[in-house]
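Structure first, commentary second.
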Number of protein chains: 2
Amino acid sequence: MTAIKLKEIALRHFAENGYEGASLADIANEIGIKKPSIYAHYASKMELFAAITEDEKVCYCSLWEEALISSESLPTDQRLSALFSIVSGYFAGDRVKMAFWVRLWMFPPQEEAESILQSLKKMNAPYINQLAAIISQGIEQKIFRPCPPLEVAHAFFCLLDGYLMRAICYQGFDYKQSLPHIWSTFLLGIKL
Amino acid sequence: MTAIKLKEIALRHFAENGYEGASLADIANEIGIKKPSIYAHYASKMELFAAITEDEKVCYCSLWEEALISSESLPTDQRLSALFSIVSGYFAGDRVKMAFWVRLWMFPPQEEAESILQSLKKMNAPYINQLAAIISQGIEQKIFRPCPPLEVAHAFFCLLDGYLMRAICYQGFDYKQSLPHIWSTFLLGIKL
DNA sequence: GTCTATAACAAGATAGAC
DNA sequence: GTCTATCTTGTTATAGAC
């Protein structure tokens, strides 16, 4: 019970304040326990962070796997749209997750920055490649313009990351409204 | 002399470690002075940060103003490309500036987060509007598809932010190579 | 402007009692 | 598992000498 609450609340603190900025005392306080009690669950702040990161990675990977399966039967262009919609919606619907992930990618904890980034890239590589494969397929089917598929896959992620970034900065602004325009522009750009 | 060095070195520390993560002792140490000497120049860590932020804002605004003037005589589509190239190049050529700006927008110092974000939006609004005006012009000239200009301006910034984000994460990767593909996809998407 | 010295405080971490 | 109490370190900040 406390263990679940701990991860949930710590996730929010890491997301809002970053690894270095999050205070174990504040986290414990919000749970209703004292700071030393956290050490009954994890040997260090970093181990707590690592456990949460692992959970989030599993969750993110499940999302991609399911999205790839559920969109399999769609026409190539619609499949690409569906994937973008699912992944962007995953983050748009959860500001905490979104902030946690952006911080994880861009400013990981200094002491483990190298290994964290490496593991994230390893995690993401299959999805970039599968995206490139889908684009390749679209080119063969004469739905998309001839182009380097991997570059377009990077452009896909570029757009996704830009959306997340602006959704965090312009919190009041409803980016769900802009998203369709942003996406349709991209799709028109690659379509034949 | 020390004053210039102070801002220069502090900028790098803020960029690499964030406001909360940067240590005045480390900054002083790198300059070759002692920590308390910083307080001869600024009354607090936040005032030092504010002075640097102000400098960077001036620098960024000059870039936009100059870019808008120097591109004025170009055809609308080429002008848009030039603007994207100038602004993305500004950050791509200086990782420190890039990291500082991303942190400033996404995770500003907590104590002043509200007012900083507000001033950044105020700073950026004219450029979004001028971009929308240029796109409007392109639509009138039948160079671009009919579309809501402001939404496309947002898409422009979305792409720019996404590029910056990925350039920070994938440091080894040469995104200068991908950038032309990313941009040309966007341009094809809005062109008639 | 810069220094030494020090105050005041918050953080992560640990020991030992219950 | 949880607590109180304590240790260590690192931070902002200030006072006062040069």
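Computed from a prediction, not measured in an experiment: that's the story for all the values here. To find a chain, count down the sequence lines: A is the first, B the second, and so on, and within it residues start at 1.
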- Message: Taking the six-membered ring for Trp, are A/F49 and A/F14 closer than 6.0 Å centroid to centroid?
- Response: yes
Could you tell me the separation between the [atom1] atom of [X] and the [atom2] atom of [N], rounded to a whole number of Å?
X: B/Q110; N: C/dA11; atom1: CD; atom2: P; result: 11 Å
X: A/Y19; N: C/dA11; atom1: OH; atom2: C1'; result: 12 Å
X: A/I38; N: C/dT14; atom1: CD1; atom2: C1'; result: 14 Å
X: B/L24; N: C/dC3; atom1: CG; atom2: C1'; result: 17 Å
X: B/N17; N: D/dG10; atom1: CG; atom2: C1'; result: 14 Å
X: B/L6; N: C/dG1; atom1: CG; atom2: P; result: 11 Å
X: B/K34; N: D/dA17; atom1: NZ; atom2: C1'; result: 16 Å
X: B/D26; N: D/dG10; atom1: CG; atom2: P; result: 10 Å

Proximity to the side chain of [X] - top-ranked nucleotide from [options]:
X: A/P36; options: D/dT4, C/dG12, D/dT14; value: D/dT4
X: B/K45; options: D/dT12, C/dC3, D/dT2; value: D/dT12
X: A/H41; options: D/dA13, D/dT2, C/dT2; value: D/dT2
X: B/S44; options: D/dA13, D/dT2, D/dT4; value: D/dA13
X: A/K35; options: D/dA13, C/dA13, D/dC3; value: C/dA13
X: B/Y39; options: D/dT14, C/dG12, C/dT4; value: D/dT14

- B/K121 to A/Y170 six-membered ring, cation-pi geometry met (6.0 Å, 45°): yes
- Item | Lys/Arg cation over aromatic B/F107: A/R103, 6.0 Å, 45° cone | yes
- Which part of the nucleic acid does A/A22 contact within heavy-atom distance under 4.0 Å: base, sugar-phosphate only, or nothing? sugar-phosphate
- Checking all strands, does A/A3 fall into the base, sugar-phosphate, or nothing category for heavy-atom contacts under 4.0 angstrom? nothing
- Message: Assess, by modelled atom type and distance only, whether the side chains of A/S119 and A/K57 contain a donor and an acceptor separated by less than 3.5 Å.
- Response: yes
- Query: Is A/S37 near enough to D/dT4 that one of its side-chain N or O atoms lies under 4.0 angstrom from OP1 or OP2?
  - Reply: no
- Message: With a 4.0 Å limit, can you tell me whether B/S23 has a side-chain N or O closer than that to the phosphate oxygens OP1/OP2 of D/dG10?
- Response: no
Review item, side-chain donor-acceptor pairs of residues 123-133 of chain B, under 3.5 Å, at least two apart:
| unit_1 | atom_1 | unit_2 | atom_2 | d |
| --- | --- | --- | --- | --- |
| B/N124 | OD1 | B/Y60 | OH | 3.1 |
| B/Y127 | OH | B/E65 | OE2 | 2.9 |
| B/N129 | ND2 | B/A125 | O | 3.3 |

